[in-house]
*Asks:* 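Handing you a structure now.
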Amino acid sequence: MERGEVRPSERNKAMIRESWERLGKDKLPHGTVMFTRLFELDPALLQLFQYNTSSSSPQECLSSPEFTEHINKVMQVIDTAVTHLDELDSLNEYLAGLGRRHQAVGVKTNSFTMVGESFLYMLECGLETAYTSEIRDAWVQLYSLVVEAMSRGWSSNGGSNSK
Ligand code: HEM
């Protein structure tokens with residue numbers, strides 16, 4: 001993370017860890033809720049997955065093994081961020097590389113913001129009454145740091161959001 005960026009407080013870290021654990025060990029169903037929401041918000045993103053054929057519906061695509069694997073990869077990155085809350089800087093290089101990789105496959109950085117919204121939707125569904133505005137804010141803070149690090153890599157790869 002860059003100097004000047006606000007790191008999660010101990011209280012926020014505790015809320016993030018606790019709520020992540022509360023979702024249970026198997027994060028795939030939650031990731032599927034998240035990506036279902038993402039494709040509702042922006043169906044055009046489906047086309048960025050090369051293993052998606054134009055005839056597949058979002059539901060068919062979401063249940064394909066390759067797609068399931070991408071959902072697992074996303075949940076794994078979030079899990080890594082949660083387990084590295086005390087040393088987020090150590091993830092900078094990895095996240096920048098991930099940003100570069102997504103620039104190369106045609107993802108725009110504003111889609112990362114939409115992923116963030118879909119993530120919060122999933123969290124709300126998964127935590128039900130345990131979901132609070134404080135938990136939401138703690139996750140927004142963490143997700144923003146992840147997206148900023150990914151966006152730096154994305155831009156360094158020559159990415160520009162203007163068409
Ligand atoms: C806008 C939404 C996104 C789209 C359209 C997208 C698309 C893709 C595509 C097409 C690939 C390459 C094929 C594959 O490995 O399945 C990929 C790889 C990957 N994505 Fe995403 N992605 C998105 C968001 C994210 C987010 C938010 C994360 C994590 C926070 C993430 C984590 C990964 C990882 C870990 C890989 C594998 C990278 C590698 O093999 O080097 N993706 N993504």
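Whatever order the structure lists ligands and atoms in, that order sets their numbers, starting from 1. The figures that follow rest on heavy atoms only: side chains count, while hydrogens, waters and symmetry mates do not.
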*Asks:* Below a 4.0 angstrom heavy-atom separation, can you tell me which part of Y94, side chain or backbone, both or neither, approaches ligand 1?
*Replies:*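 Side chain only; the backbone of Y94 stays clear of ligand 1.
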*Asks:* Is there a side-chain contact between M122 and L23, using heavy atoms and a 4.5 Å cut-off?
*Replies:*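 Sidechains of L23 and M122: in contact.
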*Asks:* Please identify which atoms of ligand 1 are closer than 4.0 Å to at least one heavy atom of V115.
*Replies:*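 Ligand 1 atoms under the 4.0 Å threshold to V115: 1 (C), 2 (C), 27 (C).
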*Asks:* Select the closest option to atom 8 (C) of ligand 1 among H70, K108, E66, judged by heavy-atom distance.
*Replies:*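 Shortest heavy-atom distance from atom 8 (C) of ligand 1: H70.
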*Asks:* Give the atom numbers and elements of ligand 1 that come within less than 4.0 Å of a heavy atom of S111.
*Replies:*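 Ligand 1 atoms under the 4.0 Å threshold to S111: 1 (C).
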*Asks:* Output the list of atoms in ligand 1 that are nearer than 4.0 Å to some heavy atom of V107, sorted by atom number.
*Replies:*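 This gives 1 (C), 4 (C), 5 (C), 6 (C) as the contact atoms.
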*Asks:* Which atom pair, heavy atoms only, marks the closest approach of S151 to F112?
*Replies:*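 Reported closest heavy-atom pair: OG-CD1, 4.2 Å.
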*Asks:* At a non-hydrogen distance cut-off of under 4.0 Å, which region of I78 contacts ligand 1 (side chain, backbone, both, or neither)?
*Replies:*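 Near ligand 1, I78 shows nothing, with every heavy atom at 4.0 Å or more.
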*Asks:* With a 6.0 Å cut-off (strictly less than), is the heavy-atom count around CZ of R22, excluding the residue itself, greater than 12?
*Replies:*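 At most 12 heavy atoms, drawn from other residues, nucleotides or ligands, come within 6.0 Å of this atom.
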*Asks:* Does E87 have more than 12 heavy atoms from other residues, nucleotides or ligands lying within 6.0 Å of its CD?
*Replies:*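 Yes, the 6.0 Å shell around CD holds more than 12 heavy atoms from other groups.
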*Asks:* Once you round to the nearest 0.5 Å, how far does CD1 of I78 lie from OG1 of T83?
*Replies:*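 Output value for this atom pair is 12.0 Å.
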*Asks:* Heavy atoms only: which of R101, M75, M150 is nearest to atom 38 (C) of ligand 1?
*Replies:*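 Heavy atom nearest to atom 38 (C) of ligand 1 belongs to R101.
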*Asks:* Pull out every atom of ligand 1 sitting under 4.0 Å from any heavy atom of V77, numbered as shown with elements.
*Replies:*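 Taking each heavy atom of V77 in turn, ligand 1 has 29 (C), 30 (C), 35 (C) under 4.0 Å.
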*Asks:* Around E40, counting heavy atoms of other residues, nucleotides and ligands shown, do more than 12 lie under 6.0 Å from its CD?
*Replies:*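 Enclosed: over 12 neighbouring heavy atoms sit under 6.0 Å from CD of E40.
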